[in-house]
Every structure is written in structure tokens, then in C-alpha cells.
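Contents: one structure, followed by commentary.
Side chains are part of it too, since the values below use all heavy atoms of this structure and drop only hydrogens, waters and symmetry mates. Index from 1, following the sequence.
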Amino acid sequence: MAESPRRAADRRLQLPLLCLLFQGVTAILFAIFVRYNHETDAALWHRGNHSNADNEFYFRYPSFQDVHVMVFVGFGFLMAFLQRYGFSSVGFTFLLAAFALQWSTLVQGFLHAFHSGHIHVGVESMINADFCAGAVLISLGAVLGKTGPAPLLLATLLEVVLFGINEFVLLRVLGVRDAGGSMTIHTFGAYFGLALSRVLYRPRLEKSRQGSVYHSDLFAMIGTIFLWVFWPSFNSAPTALGDVQHRTALNTYYSLTASTLSTFALSALVSRDGRLDMVHIQNAALAGGVVVGTSSEMMLTPFGALAAGFLAGTVSTLGYKFFTPILESKFKVQDTCGVHNLHGMPGILGALLGALVTGLATHEVYGDGLQDVFPLIAEAQRSATSQAVHQLFGLFVTLMFASVGGSLGGLLLKVPFLDYPSDSQCYEDQIYWEVPEEHEDKAQEPLRVEEPDTQV
């Protein structure tokens with residue numbers, strides 16, 4: 001059905017106006033507040049007797065590169081499974097992440113790195129901004145295909161602020177340990193997106209449009225492989241250098257291998273004919289990276305990492321098979337990419353695992369390394385049990401921020417003037433993109449030859 005000229009005109013103006021407005025405002029705020037930090041500023045760096053090799057860039061930038069690839073390639077292609085929504089999956093990921101990096105630099109900077117009236121940025125702030133962008137893209141997965149880029153930009157504006165506040169409360173106020181973001185990134189992003197999806201529920205969506213085809217699933221698998229390969233860097237990027245970063249990468253590495261095997265096993269087991277479901281492999285195999293996000297820097301042990309990953313892959317696969325249909329039929333939540341199975345449930349499991357391992361922390365197990373992982377316990381400001389309770393409370397706070405924030409975001413996005421695709425246009429690239437197939441179809445149409453005018 002043809003859309004009205006007014007609606008097409010609104011779509012033409014909303015995205016450009018929002019992009020230009022947001023870019024203009026962030027540019028002004030950058031000019032006023034953002035400055036290079038000590039590791040980046042030419043004058044400040046050269047005042048001390050530093051070897052250039054000591055600059056933080058050389059220790060953090062390789063991890064940053066891996067995280068950056070995960071955000072822009074991994075998440076983008078993972079969501080490209082929809083048969084007619086590939087342009088939007090990759091393109092909107094690109095757009096939202098680019099805006100989130102700028103906006104989160106400001107929000108996180110005001111909360112974590114505001115000194116002498118300025119926000120000081122370096123490679124660590126780049127990593128933290130990418131983490132925030134990752135949470136935004138997790139939320140995007142829950143509403144993928146059901147809204148347009150302009151509402152998504154507004155949702156990003158709100159989510160980045162709430163992400164920053166939640167992260168500040170957990171890490172600074174409560175002293176929670178969450179290096180790989182089981183709570184701050186995965187749980188927050190998943191339940192913000194699910195709450196958003198609940199408010200924006202569409203009862204008459206066509207299920208056939210949500211399916212995949214052979215090549216779209218193959219593209220999505222590319223995203224999976226990128227995420228799987230680089231996930232040890234994602235969890236270890238913000239951790240202390242030395243044994244902590246080494247241990248974090250190792251725990252994540254083993255957890256991912258175990259979640260992959262459990263995913264293959266459960267996928268074949270729950271199907272009627274024993275065949276594998278590509279949706280399970282694309283997503284549940286990654287759950288091992290999520291579940292050890294909180295505990296990966298701790299003395300989880302290699303066996304603990306394997307056990308956690310195997311459990312996460314099992315829970316995630318069963319979630320796709322059995323819980324996703326219930327989520328929509330009973331709770332009216334349309335989770336396009338299954339973020340509840342990949343990020344939500346494994347994120348909660350990761351938070352609980354982190355609390356358990358924290359409660360078992362002792363000076364005998366960690367030695368002098370206790371200061372790097374649990375500084376409050378090392379300084380006798382908290383017992384291991386008290387720190388574990390704070391970890392659990394951090395999970396509760398995250399769920400509250402995510403669910404309430406996502407619901408408010410959904411109400412904000414329901415204002416009448418925002419552009420949304422109709423039910424019949426959801427999961428279709430053509431409403432927002434110039435699609436080459438359109439032109440091919442037109443080229444294949446037979447030409448209409450007009451008869452020459454013979455009248456004199």
C-alpha cells in the first residue's frame with residue numbers, strides 16, 4: 001500500500017535533522033569540555049621522563065582494535081540474518097554506534113574523568129565508549145526491523161545517559177567488579193531493549209518476514225565468528241595489566257569453547273530430526289563470553305570457565321527453542337534477535353557467578369594480587385561476603401535501570417510525529433534504503449512502446 005506524501009516527507013527530514021542536531025550539539029560540547037589526557041597531550045607527555053614505549057597506547061590499543069571490530073563488524077553482521085533487512089542491520093548499527101561513541105564520551109567523561117572543568121580522553125575512554133555502544137546495539141537487536149533510524153537515535157540518546165549512570169552507580173558507588181560487563185553491558189542492554197520492545201509491541205506483525213535465507217544466515221555467521229574470536233579482548237580490555245588481563249583472556253577463551261560445544265549438542269538434541277539450527281549456532285555459541293564477563297578477572301579456574309561456558313550455551317540454546325515463543329505469546333515482547341537468550345539470561349548467570357566467586361575470595365588464593373581484583377577486600381574495608389552482597393545488589397540495580405529506562409524510552413518513542421514503518425513494511429530495507437533489486441526489477445519490465453502520432 002502506497003504511503004502518504006506527508007509521511008514520506010517526514011521521513012526525509014527527520015533523520016537528517018536529528019543527525020545534524022546531535023552532531024552539532026556534541027561538537028559544541030567537545031569544544032568546551034573535551035581535552036587530551038596526560039598520555040595523549042604533547043606538552044604533558046614530554047614533561048616527564050617517559051619512554052615512549054611506556055605510553056598506555058601500546059598496551060591498550062590492540063584490545064581497543066578488537067573491541068572496535070566487534071562493535072562495528074561483529075554486531076552488525078550478527079543482525080544481518082533477516083532476509084530483506086541486511087542493509088538496515090549493518091547500516092543502522094554503523095549509525096547508532098558512531099553517535100553512541102561521541103555521546104558516551106561526554107556522559108562517561110562527566111561521570112568518570114571530569115577534572116579541572118574538562119573531560120580528559122585517551123585510549124581507555126575509547127574502549128569505554130565502545131562498551132557503551134555495545135550495550136546500545138544489544139538493545140537494538142530486540143527491536144530490529146520494527147522502527148526507523150530517527151526513533152533509534154532518540155533511544156540511543158536516552159540509553160547512553162542511563163548506561164553511564166548505571167555504570168557509575170555500580171562501579172563507583174557500590175564498588176562492584178564487572179570487568180567484562182555481564183551486568184553493565186549485557187544485562188543492561190538486553191533488558192533495556194526488551195522493555196522497549198514491550199512498549200512498542202505490534203500484535204499484527206507478519207512472521208514470514210522475520211525469517212532468513214541461506215546467504216543472510218551465512219552473513220550472520222560472519223558476525224558470530226568475529227565476535228567469538230575477539231571476545232577475550234572484549235572482557236580483558238579494561239582490566240589491570242599483567243596477570244589479571246592474562247587470566248581474563250584465558251577464562252573467556254575456555255568459556256567460549258565450552259559454550260560452542262554445548263550449543264551444538266543441544267541444538268541437535270532439541271530438534272526433531274537431529275539437524276542443527278543455525279540460529280542457535282550464531283548466538284548461543286557466544287554465551288560463554290557473556291557468562292564470564294563479571295568473573296573472568298577472578299580466580300575462576302580453567303575448569304570453572306569451562307563449566308560456566310557449557311551452562312551458558314545450554315541455557316541460551318534452550319531459551320531460543322522454548323522460551324522465545326513464550327516471551328511473545330505471554331509477555332508481549334517481540335525479541336527479534338533473541339537478545340534475552342544471548343545477553344539477558346547469560347548476563348544474569350554471569351552476575352550470579354561473579355557473586356559466588358567473589359564470596360570465595362581469600363588472601364591465600366589471590367596473594368598480593370587481591371589488590372588488583374578486590375581492592376576493598378585487600379584494604380579490609382569489606383569482607384568477601386559483603387562484596388558478594390554488593391555484587392548481587394548491583395544486578396538488581398541494573399535490572400531496575402534497564403527495565404524502567406527502556407519503558408520510559410518506549411513511551412518517548414511513541415510520540416505521533418516520529419516515523420515508524422507500518423506492520424506490512426517491517427523487516428524491509430526498501431522503506432529506508434535504495435535497494436539495487438528495485439532497479440533490477442524495473443529494468444526487467446518490458447518497455448512500453450508508444451505508437452507514433454500519424455495525425456498531421
Side-chain angles (χ1 to χ4, degrees), residues 78-79 81-85 88-89 137-148 151-152 155 186-213 216-217 220 263 266-273 275-287 290 311-349 399-400 402-411 413-414 420-428:
L78 181 64
M79 292 187 278
F81 68 94
L82 293 169
Q83 56 184 321
R84 298 180 62 84
Y85 208 67
S88 300
S89 298
L137 298 182
I138 291 168
S139 301
L140 168 63
V143 295
L144 188 70
K146 296 173 290 186
T147 184
L152 289 173
H186 301 287
T187 302
F188 178 86
Y191 288 98
F192 184 95
L194 293 170
L196 196 66
S197 179
R198 175 64 184 88
V199 177
L200 300 178
Y201 176 70
R202 291 169 176 254
R204 292 181 294 275
L205 280 181
E206 298 180 27
K207 297 293 182 183
S208 61
R209 295 176 180 270
Q210 299 181 44
S212 60
V213 291
S216 66
D217 267 334
T263 298
L266 266 294
S267 181
L269 191 63
V270 298
S271 68
R272 293 182 179 179
D273 52 8
R275 292 193 295 177
L276 298 168
D277 188 333
M278 185 57 86
V279 173
H280 301 160
I281 309 306
Q282 290 163 357
N283 295 277
L286 299 169
V290 178
L311 175 63
T314 300
V315 169
S316 183
T317 305
L318 294 177
Y320 276 101
K321 180 65 177 180
F322 300 109
F323 194 67
T324 295
I326 297 174
L327 199 63
E328 180 168 353
S329 61
K330 301 296 184 183
F331 298 96
K332 310 301 181 187
V333 176
Q334 295 160 324
D335 185 4
T336 305
C337 292
V339 299
H340 185 251
N341 306 309
L342 172 54
H343 302 279
M345 291 190 294
I348 290 176
L349 285 176
L399 289 171
M400 289 301 100
S403 57
V404 174
S407 300
L408 291 176
L411 293 175
L413 266 57
K414 291 187 77 172
Y420 284 92
S422 64
D423 288 349
S424 62
Q425 294 173 320
C426 286
Y427 312 111
E428 287 284 345

Least distance between heavy atoms, [X] atom then [Y] atom:
{"X": "Leu399", "Y": "Tyr191", "answer": "CD2-CD1, 3.7 Å"}
{"X": "Asp335", "Y": "Ser197", "answer": "N-OG, 4.4 Å"}
{"X": "Ala287", "Y": "Ser316", "answer": "CB-CB, 4.0 Å"}
{"X": "Tyr85", "Y": "Tyr427", "answer": "CD1-C, 3.4 Å"}
{"X": "Cys337", "Y": "Met79", "answer": "SG-CG, 3.6 Å"}

First locate atom [atom1] of [X], then atom [atom2] of [Y], and finally report the distance between them rounded to the nearest 0.5 Å.
{"X": "His186", "Y": "Leu349", "atom1": "NE2", "atom2": "CG", "result": "13.0 Å"}
{"X": "Lys332", "Y": "Gln334", "atom1": "NZ", "atom2": "CD", "result": "9.0 Å"}
{"X": "Leu140", "Y": "Leu152", "atom1": "CG", "atom2": "CG", "result": "6.0 Å"}
{"X": "Ser403", "Y": "Leu196", "atom1": "OG", "atom2": "CG", "result": "12.5 Å"}
{"X": "Leu205", "Y": "Glu328", "atom1": "CG", "atom2": "CD", "result": "7.5 Å"}
{"X": "Tyr320", "Y": "Leu266", "atom1": "OH", "atom2": "CG", "result": "14.0 Å"}

Can a donor-acceptor pair be found, under 3.5 Å and without considering hydrogens, that links the side chain of [X] to the backbone of [Y]?
{"X": "Tyr420", "Y": "Pro151", "result": "no"}
{"X": "Ser267", "Y": "Asp277", "result": "yes"}
{"X": "Ser271", "Y": "Arg275", "result": "yes"}

Min side-chain heavy-atom separation [X]-[Y] under 4.5 Å:
{"X": "Arg202", "Y": "Cys426", "answer": "yes"}
{"X": "Lys146", "Y": "Thr336", "answer": "yes"}
{"X": "Val315", "Y": "Leu311", "answer": "yes"}
{"X": "Val279", "Y": "Phe81", "answer": "no"}
{"X": "Ser89", "Y": "Leu144", "answer": "yes"}

- Task: Specify whether Phe331 and Phe323 have parallel, tilted or perpendicular ring planes, treating 30° as the upper limit for parallel and 60° as the lower limit for perpendicular.
- Result: tilted
- Note on the structure: For His280, the ring pair (Phe, Tyr, Trp, His ring centres under 6.0 Å) test, sequence neighbours excluded, returns none
- With sequence neighbours excluded, residues passing side chain to side chain contact (heavy atoms under 4.5 Å, CB included) with Ser139: Glu159, Phe192
- Using the test side chain to side chain contact (heavy atoms under 4.5 Å, CB included), find all partners of Val199 that sit at least two apart in sequence or belong to another chain. Ser407, Leu411, Lys414
- Qualifying residue for side-chain hydrogen bond (donor to acceptor under 3.5 Å, both in side chains) with Asn341, from Thr317, Thr324, Asn283: Thr324
